[in-house]
*Asks:* 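Handing you this structure, nothing more for now.
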Amino acid sequence: MFTYVGLLEFFYSEAPRALKSMSTSLLWNSMALGYFLSTILVKLVNRATKDRTRSGGWLAGNNINRNHLNLFYLLLAILSLINFCIYVVVARRYEYRPQSPPVEASKVRVDSNEKAAAKIKVEN
């Protein structure tokens, strides 16, 4: 959840104007996919550890003294570390879109020929 604010800001600043709403929907779809995959992860962990614990899995049952939440959180920490390493590799290779520097109004000069040409175009 902490990364979604940064992701939304990244999509708004880096996506082309026509794709801003599409990038927002991509953000929410990735969030929904993450929730779905976390459910699958819990089921896989319980199935893989079913015969190794008295409670029937690391997360099975409702007795916290017999479950192995510490091992599950260790697994989550390892997955987060792998995710962070992939992020670092991708972030180092990313090139930001070039940003044009803001132009100060006092430095903008319009030639009189350009004014006349603009006036003719507006009248036509």
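Numbers here simply count residues along the sequence, with the first being 1. Every value quoted in this text rests on a predicted model; they were computed, and no experiment measured them.
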*Asks:* Which pairs of donor and acceptor atoms, one on a side chain in residues 67-78, lie under 3.5 Å apart (sequence neighbours left out)?
*Replies:*
{"from": "Asn67", "atom 1": "OD1", "to": "Ser55", "atom 2": "OG", "distance (Å)": "2.8"}
{"from": "Asn67", "atom 1": "ND2", "to": "Ala60", "atom 2": "O", "distance (Å)": "3.2"}
{"from": "Asn67", "atom 1": "ND2", "to": "Asn63", "atom 2": "O", "distance (Å)": "3.3"}

*Asks:* In Å, rounded to the nearest 0.5 Å, how long is the span from NZ of Lys20 to CD of Glu14?
*Replies:* 9.0 Å
*Asks:* I want to check something: taking the side chain as every heavy atom from C-beta on, are Leu79 and Leu41 in contact at a cut-off of under 4.5 Å?
*Replies:* yes
*Asks:* Locate the shortest heavy-atom distance separating Trp58 from Val45; write the atom from each residue and the value.
*Replies:* CE3-CG1, 3.5 Å
*Asks:* For the backbone of Ala15 and the side chain of Ser23, can you confirm whether one donor and one acceptor N or O come within less than 3.5 Å of each other?
*Replies:* no
*Asks:* Once side chain to side chain contact (heavy atoms under 4.5 Å, CB included) is applied, do any residues pair with Ser38, and if so which ones, sequence neighbours excluded?
*Replies:* none
*Asks:* Taking the hydrophobic residues Ile, Leu, Val, Met, Phe, Trp and Tyr, and joining any pair whose side-chain heavy atoms are under 4.5 Å apart, which ones share a cluster with Phe84?
*Replies:* Tyr87, Val88
*Asks:* Side-chain donor-acceptor contacts of residues 26-34 below 3.5 Å, not counting sequence neighbours, with atom names and distances?
*Replies:*
{"from": "Asn29", "atom 1": "ND2", "to": "Ser25", "atom 2": "O", "distance (Å)": "3.2"}
{"from": "Ser30", "atom 1": "OG", "to": "Leu26", "atom 2": "O", "distance (Å)": "3.4"}
{"from": "Ser30", "atom 1": "OG", "to": "Leu27", "atom 2": "O", "distance (Å)": "2.7"}

*Asks:* Output the rest of the hydrophobic cluster of Met22: all Ile, Leu, Val, Met, Phe, Trp and Tyr residues reachable through side-chain heavy-atom contacts under 4.5 Å, sorted by chain and number.
*Replies:* Leu19
*Asks:* Sequence neighbours left out, what passes ring pair (Phe, Tyr, Trp, His ring centres under 6.0 Å) with Phe10? Give chain and number order.
*Replies:* Tyr94
